[in-house]
Amino acid sequence: MSKPRVAIFDFACCEGCQLQIVNMEEELLDLLTHIEPVEWREAMSESSERYDIAIIEGSITRQQDEERLKLIRSRAKVLIALGACATLGGVNKLANGFDDLNEVKKCVYGDAARMPHLLTGQVKAVSEVVPVDYSVHGCPINAEEFGYVIRCLLRGTTPVIPNFPVCVDCKMRESTCRFEYGEICLGPITRAGCGAPCPAAGMWCFGCRGYVDEPNINGARDVMERYRKTVDDLKSRMALFNTGQEQPHA
Amino acid sequence: MPIVKYITTDQLLVWVNALIAAQTVYGVQAKEQRFAYDALADAADLRLDFDVTILPPKKFFQPLVETIMKFHVDGHYESVTSEEPFIIFGVHPYDVVAIAQMDEVFRANYADTHYLSRRERATIVACDIQNASPSMFAACMGTATVEDGFDILLTKIGDGYVVDVRTAKGEALLVALGDAPDADAGTLARREQFWDDARRFLNKYLLKCKPTDLPALLEDQYEHAIWEHNAGLCYSCGSCNMVCPTCYCFDVQDEVDWTLEKGTRVRKWDSCMLRDFATVAGGHNFRRRREERYRHRFYRKGQYLWQRMGQIACVGCGRCTTACTAKIANPVELYNTLMEG
Amino acid sequence: MTESTASQDIYLPMPATIEESKLLTAVDRFFRIRLSSGAELGHMPGQFVEVSVAGIGEAPISLSSSPDTTGVFELVVRKIGRVTDALHALPQGSPVGIRGPFGTTFPVAEALKGQDILVITGGIGLVPVRSAIQYMLNRREDYGEMAILYGTRTPADRLFTDEIEDWRARENVTYLETVDRGDEGWTGNVGVITTLLPKVEVSPVSTRVIICGPPIMYKFVIAALAARGIPLEHIYVSLERRMKCGVGKCGHCQINGYYTCLDGPVFNYAQLSDVPEAI
Amino acid sequence: MPEKIDIGVHHITRVEGHGTIVVRATAGKVEQVEWQVPEAPRFFEAMVRGRSWEEIQTVVSRVCGICSVTHSLAALKAIEDAMDIPVSEQTERLRLLGLNGEYIESHVLHVGYLVAPDLLGVKSVVPLVATNPDLVKLVVRLHRLGNTIMEVIGGRRTHPLAFKPGGMRRIPTERELRSLRAAIEGALPDLQVLAEAVHGLAGKIPAFERDTEYVSLVDRGTYTLYYGNIGSSDTTNTVAVQKFKSIVNEYVSPQSTAKWARWHRESYMVGALARFNLNAGYLLPMAAEMARYLGLARGCCNPYMNSVAQVVETVQAFEHSLQLIDELLTAGLQPETARVIPRSGWGAGAVEAPRGILFHSYAFDDDGTCIGANLTIPTNQNHANIQKDMEKLVPQFLSRGQDELRQLLEMLVRAYDPCISCSTHMLDVRFV
Ligand SMILES: Cc1cc2nc3c(=O)[nH]c(=O)nc-3n(C[C@H](O)[C@H](O)[C@H](O)COP(=O)(O)OP(=O)(O)OC[C@H]3O[C@@H](n4cnc5c(N)ncnc54)[C@H](O)[C@@H]3O)c2cc1C
Ligand code: SF4
Ligand code: SF4
Ligand code: SF4
């Protein structure tokens, strides 16, 4: 069997998820024995229109990017959304919250806001534009999980991605719960699999892996009251990474 | 002949350091504002005044993520069991009781060699409770003190510790202690008094019935409104299970390495509170509703395991109460509510 | 509780080989498997094995052949997830890992002996009961009247069509079947399985019932049997739950206080009638 | 002389983000030389508006995965400046340690994965895995060490978690610091191997010079990455960080579509070479020795030597990390207890990112909600300088022909280690 041809493409993002691929270190060398990278602008000069697996990093912000993504989809057998920008829209989706995008552009770009390359529409996750076969969650992605997903793919099986809250990972790490410090943590409604690095470093979970199925937002309301926080506090927290997700229900 | 010594705190430090030099010692240490078991590098880090650890000592016998075998895709499997001896320093009585219960679970019907080999290689240095955890009800559950299930029991009396050695494994550790006097009658009397108090007072919450009444209590309360009410707040986050010393459910997964030919079969802690715990391929979920899962946990603790092995699967450590952000996991509050009818 | 002293790792699969693999329906595949050690599996009807595909995982699968078939045993696997997909993809001659047999059995050698037998099965539920049917047919004289009712969604979903014809042809067996939806070629009964029940005679005293099918089937079938006076303790059901170990440790297969892997998968229904999660 | 040169490198590879080079020349006459940056805009300045001071760092860290520590620290410094929040010496040491981790990670990545292929005549690191396995493994080891430092200090390799305004969310344990120290010490021999490898390739670095103004932080007596004022190679006067806008004078040039930054001249350069040119006298001993060995001396104005300066800084980061760990352990780790009460104000912070000086400034209202922000990214400051270098370079090397010229131009851009995804702030760019 010939090695699958893999191409990595980036859209609007910080390229931190690609960096995690580099951060696989020795494992990246192992990976390279099984795949043939044919395009990866950040790491190599070659490019190709022939690939089996397309890995998409970043969110889709412009019409021209949508077209490019559709073209990539039509060429790839398997498409992987890499990281929160691609899976959810990521922090970029905060821009969708602005009442008037033109105002925003002015605020950042001044008079140049009318330049054609700045013509942006609503920020979209990859799956809002084309069908996605696999999602690697997180901001940034977890390099171990990425390796696992790729190995499953190479073995022809479906990866098992957790569908339970970050609290499970967090307890496994024996971190003190952020709620005990009076902080709002999105761990109870966020999909695990990251290993809960945030609470372990003294930071609340800000939900970068998206919600679990059936997150209990009502439960969260009650907890907010107990900790003298408001639902608005919670919503603001959730907005950081989860503006893109449909309003979950209990 | 039982050996009961009395040592000073300084002697304890020297002893523990000597043990550390010889083998792996896990001990209770401060972790942020809480406590956790971890490999001890220095006796000074040992905190026998802890209230409760975040995770129970179970993690040493059933590791959170445990490789149980290696395989090759050509169909070759090889069992992986741990052979390393180790000491756990500072196990509270309620956890000693829980460990005994886990021993039974993993020994029953089909003996689990992975658990048992770790268990056999462990020396348990138990330690009486100096500070009660914020949610504890060990006295109610009869687990505030313990008679057996450990190799050595330490009890802080005055400025030193009574070292009560019960097994040959325990005696082996004494070599590193060197000379120490036997505990005198006065000290032992004070220990009796300490135990008496512990059995009566080590509670932050009071269960209004005897633990042995729980199976009968639950028998009639399957449809109680509390299940649905509390479950409305439940995140299905599994925290209550993860921290519990008598929960042992697990998931098993195969992971291949980068050869794509070799790999390991690992088991990981799992939790019956999680949404997909009882979901089968094709999507049918045998415990789909939150309240079904929430209720299951309490029945398992208070009735199901009792039916199977005659023990209540709750030792009153209060870990779940603390771990639950929704504040609905407290067994005492729950059972007391059921008692009100 | 019994104590086991076996030093053997209960999770370690025995090496085995797929001797034969063939599709029965679009999604169900038949496997004939031989243990590499040459030993007999030594199961009884109703029990299951854990089948491993190294690198993918393990799945509990019922034994479909009677213990009278020696040297090999037979499974039928529906392609529905990771392990079952992988099993379907394995060529003949491939290695698999086997653990077991595990679980309780249909009491073919005890409580069913000398009784009239009624087997009610739907879909892939036929897989475990086939083992019992074969066992009883091989000892036909040990049992009284025998009836088999089989329902599937469509004619294309029927398993073991050759064997079914053999049962139909037998004079000492009543074989009836139904489909939820027929097709052009279908001339048989159309309707849910309970529509077949009135066509067989049952006796509250001598009939023993075996039920195995999709979760939804049990409630209706049992209600219909109860209406005809069959005592609950004369009904045997085989249940399915998620499973990760097969040996009563992993906790996934619990039905209230029961473990499906230890106390089941075959239960006497009297055990379960007041067990809320059972069906 | 080739008749016609027509170079259009759309989205130059092996850089962070997207950039385009356009060069046209006919019969030896240069008609067009342009460095363009058509990155999709991301609006970070607007995105942080309305968010709490506690969350700013989490958001702006996402400007750039590879400079996430720097962005976090610049934001924290600006917030602390705005609200007058004191910071303990311990916190600053830990921040610097994390920053050194990022330097090692980023510089090794840049030199090892992105620049080395040019010098070895291949298109990416992939073929080097087969041809130069030892070199690749060396790069991997050093790269991982940088990551390990960031992980121990910041809580993970990218987008650090443990830093917060006024302190640390979590401080590493003594045990962690000790094992980190051992790991860094253990890697010192690798630096020697790296030095020899770079030394061996030095001959391949293009000979090109252009007198340039260099800008970086200066803080008397140290090779600063974090403290001090803004300095320039053109003057001995320094400018306070709060006045950063007065040095980043943006202007529109008729030849190009990108807005440029200038201070004393038409353009200036920031980054490793700039820091070296301003602060080389304060390098720690091993780093200074490395500079000598690699033939890098103050006053160097060959932009291609930026990569060599990065190697020198990698050594500096090793030494400085060891020093910081020793200081932390000697002082003994103290719990960080500072509590911050938010208040209104405006503040600015500057940190030297691996690719040059980075400025953040924010304004807050009374309850600490962000009401205004400005991020000035090193790569933006370098664009004009890249353009000016190209303008000098193209005529000088025109005779080498299209392919070699193109290669030289790509290498030039790469030498700057541009991080275009950082450039939230790009102006007036024509999409080609
Ligand atoms: C006692 C028993 C007998 C069974 N007999 C048969 C049979 O003869 N033929 C057949 O096709 N199927 C049978 N099943 C169902 C079969 O086990 C599942 O379809 C199979 O486990 C799905 O695994 P998967 O990896 O393909 O699916 P995935 O969805 O990828 O499942 C992942 C894992 O979840 C668990 N799991 C998922 N679904 C089930 C399930 N229904 N039951 C138990 N565990 C599950 C398994 O551990 C499985 O490996 C039986 C189940 C039980 C409990
Ligand atoms: S810190 Fe967050 S993730 Fe961890 S247990 Fe608490 S709520 Fe859950
Ligand atoms: S803890 Fe939350 S925010 Fe942090 S990595 Fe995990 S999912 Fe993302
Ligand atoms: S009871 Fe509490 S800890 Fe347990 S799953 Fe529900 S919310 Fe989580």
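Predicted, not measured: the structure shown is a model, and the values here were computed from it.
- In this structure, C/Ser131 contributes its side chain and C/Ser65 its backbone to a donor-acceptor pair below 3.5 Å.
- A donor-acceptor contact closer than 3.5 angstrom is absent between the side chains of C/Ser52 and C/Arg99.
- Proximity to chain B is absent for every atom of C/Ser94, based on heavy atoms less than 4.5 angstrom apart.
- Options C/Arg82, C/Arg242, C/His252, C/Gln254 differ in how many heavy-atom pairs under 4.5 Å they form with chain B, and the most are formed by C/His252.
- Under the 3.5 Å distance criterion, with hydrogens and angles disregarded, a donor-acceptor pair is assigned to the side chains of B/Ser271 and B/Asn241.
- Heavy atoms closer than 4.5 Å to chain B are found in the backbone of C/Ile56, but not in its side chain.
- When B/Gly263, B/Ser117, B/Cys249 are compared by the number of non-hydrogen pairs under 4.5 Å with chain C, B/Cys249 comes out ahead.
- Looking at B/Glu78, the atoms closer than 4.5 Å to chain C (heavy atoms on both sides) all sit in the backbone: N, CA, C or O.
- Residue with the most contacts toward chain B among C/Thr84, C/Asn256, C/Thr17: C/Asn256 (heavy-atom pairs, distance under 4.5 Å).
- Listed in order of number, the residues of residues 260-279 of chain C that approach chain B to under 4.5 Å between heavy atoms are C/Leu262, C/Asp263, C/Pro276, C/Glu277.
- Considering NZ of C/Lys249 and OH of C/Tyr259, their distance stands at 8.5 Å, rounded to 0.5 Å.
- Proximity to chain C is limited to the side chain of B/His114, based on heavy atoms less than 4.5 angstrom apart.
- Only the backbone of B/Asp276 comes within contact range of chain C, with at least one heavy atom under 4.5 Å from a heavy atom of that chain.
- Checking side-chain atoms of B/Glu292 against main-chain N and O of B/Arg288 turns up a donor-acceptor pair under 3.5 Å.
- Across C/Ala54, C/Gly251, C/Ala16, the residue that shares the most heavy-atom pairs under 4.5 angstrom with chain B is C/Ala54.
- Taking the centre of each ring, B/Phe61 and B/Phe106 stay at or above the 6.0 Å mark.
- Side-chain atoms of B/Asp151 and B/Thr167 form a donor-acceptor pair, as typed in the model, at a separation below 3.5 Å.
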Open item on the list: I'd like to know whether B/Tyr222 forms a side-chain contact (heavy atoms from CB on, under 4.5 Å) with B/Trp227, so could you lay out the CA-CA distance, the side-chain angles of the two residues, the decisive distance to 0.1 Å, and finally the verdict.
Closed with: CA-CA 8 Å; B/Tyr222 202 75; B/Trp227 304 122; 5.5 Å; no
Open item on the list: What verdict does the side-chain contact (heavy atoms from CB on, under 4.5 Å) test give for C/Thr121 and C/Arg130, after you've listed the backbone C-alpha separation in whole Å, the side-chain angles of each residue and the deciding distance to 0.1 Å?
Closed with: CA-CA 10 Å; C/Thr121 174; C/Arg130 171 177 176 257; over 6 Å; no
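- Remark: B/Arg265 fails to qualify as a cation-pi partner of B/Tyr77 under the 6.0 Å distance and 45° angle criteria applied to the six-membered ring.
- Ranked by non-hydrogen atom pairs under 4.5 Å with chain C, the options B/Gln303, B/Arg287, B/Gln307, B/His296 are led by B/Arg287.
- Using a distance-only test at 3.5 Å, with no hydrogens or angles considered, no donor-acceptor pair links the side chain of B/Trp306 to the main chain of B/Thr212.
- Residue B/Tyr299 does not touch chain C at all, counting heavy-atom pairs closer than 4.5 Å.
- Residue B/Val252 touches chain C through both its backbone and its side chain, counting heavy-atom pairs closer than 4.5 Å.
- Remark: of the listed residues B/Lys268, B/Arg118, B/Lys58, B/Arg118 is the sole one forming a salt bridge (charged side-chain N to carboxylate O under 4.0 Å, His left out) with B/Glu66.
- For B/Gln253, no part lies under 4.5 angstrom from a heavy atom of chain C.
- In this structure, no portion of B/Arg295 lies under 4.5 Å from any heavy atom of chain C.
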- [ ] Starting from the C-alpha separation in whole Å, work towards a yes-or-no answer on side-chain contact (heavy atoms from CB on, under 4.5 Å) for B/Lys301 and B/Thr246.
- [x] CA-CA 8 Å; B/Lys301 302 276 162 216; B/Thr246 66; 3.1 Å; yes
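- With chain B as partner, the option from C/Pro15, C/Pro13, C/Gly97 having the largest number of non-hydrogen pairs under 4.5 angstrom is C/Pro13.
- A side-chain donor from one of B/Arg293 and B/Ser236 sits under 3.5 Å from a side-chain acceptor of the other.
- Highest contact tally toward chain C, considering only B/Leu305, B/Asp251, B/Thr81, is held by B/Asp251 [criterion: heavy-atom pairs under 4.5 Å].
- No other option in C/Ile255, C/Val96, C/Leu12 has as many heavy-atom pairs under 4.5 Å with chain B as C/Leu12.
- Aromatic rings of C/His43 and C/Phe73 (six-membered ring for Trp) have centroids beyond the 6.0 Å cut-off, not under it.
- Of the residues considered (C/Pro95, C/Gly81, C/Cys250), C/Cys250 shows the highest number of contacts with chain B, using heavy-atom pairs under 4.5 Å.
- Put simply, the side chain of C/Pro91 does not reach to within 4.5 Å of the side chain of C/Ser21, judged on heavy atoms.
- For C/Val53, the part lying under 4.5 angstrom from a heavy atom of chain B is the backbone only.
- If you measure heavy-atom distances from B/Asp112 to chain C, the contacts under 4.5 Å come from both the backbone and the side chain.
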